[in-house]
Amino acid sequence: MTKAFAKVSALPLRMLFWHELLAQWETAWREAPLPELPKVSLTPPEQKGILTLNIFPLFKAYKGNPQKAAEAVLYPLRHISHAEVIKGFVNISFTADFWADFLRKAQTASQGYTHLSLAVGEQLMVEYPSPNTNKPLHLGHLRNLCLGESVCRLWERLGAEVIRANLVNDRGIHISKSMIGWKRFFAPATPHSAGVKGDHFVGQCYVAFEKAYKAEVDELTARGLPEEEALVQAPLFQEAQALLRAWEAGDPNTLALWREMNGWVYEGFDQTFRRMSIRFDKIYYESETYLLGKAVVEEGLSRGIFHRAEDGAVWADLTDVGLGRKVLLRRDGTSVYITQDLGTADLKFRDYPNLKRSVYVIGNEQDHHMRLLAALLRRLGREFADKIYHLSYGMVELPTGRMKTREGTVVDADDLLDEMHARAYELTDADLSESDRHEIAEAVGQGALRFYLLRTDPKKNILFDPAESIDLKGFTGPFLQYGYVRAKRLLEKALEQGLDPTEVRVPETIIPVEEALLQQLYALPHYLESAAKGFDPALLAHYGYELTRRFNEFYQTSPVIGATEPARSFRLGLVKVYQIAIATVLQTLAIPLPERM
RNA sequence: GGCCCCGUAGCUCAAUCGGAUAGAGCACGGGAUUUCUAAUCCCGCGGUUGCAGGUUCGAGUCCUGCCGGGGUCACCA
């Protein structure tokens, strides 16, 4: 093996970024040719090496001789300074030349490092967070917003064009309830006159309705009416239904109030979106798409795909694909939730015919619903049906269980953002100006919250303990932000002394803390790709943490500016590339970069 | 009841296509600051990966059956 290695090490060296290097190796292995290609992974920290080639699968072909298998695998490879075989693993290290070159190139070339071209020319739509307009945003929406935005940014890193779309559920019985709540208990007040943020104001109307409605239901059940009956017969519910019919009939007064109240809500939402640096390229309103859905159902009906029951309701039979039967139009001809989704799905692809993917960021409580949607579109023969991807995420739970409006346990988004800000403010340097302190507090508070919501596998539920709330130490957003700030300040100091991080000299030796950091830095493109393709920002969050842990270890133990050449310039380059990498991670997770902390 | 998701240290979470001695944070105990920001670093403590089988060179990971938790199966959204 050493012999084979000596041969290849004589080849000229050229530093390649992750994807280029692996592609080159794969080509070499295919030409070799090997009975099977080895898997490449990062060498675990306790082992010496950067990359590990797994050659277990080759044992059969090489009669269980690891040395022979390793030789065959290593033969065509370049850039390697050291290799050792342990069991079925070949751990390899890179030369100091390679690393110096890497540190230079990573500073000047973003393409292939912080920006990849794996999805260039692809267009993809991400729909999030699609709120109802009867209540303010809550913690669940925050998880949705963080996930959605991060997934968008991940795909943009891969070179894709991303369309951020929001679907506003602006019609339906819930809006009618808010309107009645306002008429009964708040009119003629407005958010302005009440001094309340618009979405919160409308939320209060809704809650007021629900409270009065519940009182009516209680009274009816006390008089011996079954609850099902009481829920329908309560005067307030009747009124809400009448209002919904008036809305569908286009009653001018109803529409005017509806528009005004939705306007209040949008203004409130926009404030929160702005605070979170979220903007949309396209906003769909259900009030504008639900009729399209009805047309789709009619189409399916005329093509014999759906059928009308005797009572007039329209059904789809999906029992053959294990999804049972599903109503698409009520017996009175009005549309249900899935009806409008059919119309919206069509519209998205009419607006953007070249979408490679249409992503829906929606909680896992709607897994079944999304399966129905895809199955219905497939049945309708929509060729885009398979381009739909449901990014299903788990719910945010409290120690007491689910958040419940009725029990007042809903964690409000705006309140939480304020609380995080206040918490972070306490840790800011009192010598700074008030405006600086608030700017840092906002960045760090949001950083903590966003990291917290992103660090867990999307499909898993999150347990949110309001008492303990969000940490600012340990495995947190501020930990990564702090690493970024440290690097930034160090580089500023170096610049004051006229040091140039791009002038990276080849060090005599690379010490373990440097190599551990280099390994992580090198793997950035790998994590960007995995996180994007898996629609899983948590992968990147963990990467960013591990990266920063290693940076801190390096920072704590190894002087940079005070070091002697050539170590100084090499370390300075290392710090610079770390700064580039951690900034890439934070930006992709949509976590703010504070200037100082 | 059918279907889907989850179950890893006291708590919150990792573990890449099935790979090395299952790793972090919090909490707890101890230590580091004349040096580029200590929101940091180092050391210690902590495990029958829910249970029982199966597949194979190798299983937290795949298969089967149980147990526990959550979701869903609306002419609600």
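The figures that follow rest on heavy atoms only: side chains count, while hydrogens, waters and symmetry mates do not. By convention in this document, chain letters (A, B, ...) are assigned in the order of the sequence lines, proteins followed by strands, and residues within each chain are numbered from 1.
Centroid-to-centroid, the aromatic rings of A:Y389 and A:Y360 stay 6.0 Å apart or farther. Remark: aromatic rings of A:Y337 and A:H369 are close, center separation under 6.0 Å. Two rings, from A:F56 and A:F59, have their centers less than 6.0 Å apart. Ring centroids of A:F554 and A:Y578 are separated by 6.0 Å or more, keeping the two rings apart.
Summarising the geometry, the separation between CZ on A:R486 and P on B:U35 is reported as 13 Å, rounded to the nearest angstrom. One interatomic measurement links the two molecules: CD of A:Q497 to C1' of B:C36, which rounds to 9 Å at whole-angstrom precision. Taking atom CD of residue A:E397 and atom P of nucleotide B:G69, one finds them 13 Å apart after rounding to whole Å.
Within the structure, a side-chain polar atom (N or O) of A:R402 is placed less than 4.0 Å from OP1 or OP2 of B:G71. Side-chain nitrogen and oxygen atoms of A:Y482 include at least one within less than 4.0 Å of the OP1 or OP2 phosphate oxygen of B:A39.
With both ends at atom C1', the span from B:C51 to B:G7 equals 12 Å, rounded to whole Å.
As judged by a 4.0 angstrom heavy-atom cut-off over every strand, A:V575 is placed among residues making no nucleic acid contact. Within 4.0 Å (heavy atoms only), A:N552 reaches sugar-phosphate atoms of the nucleic acid but no base atom.
Of all nucleotides listed (B:A20, B:U40, B:A77), B:A20 comes nearest to the side chain of A:T43.
Glycosidic conformation of B:C17 is syn; the angle stays within 90° of 0.
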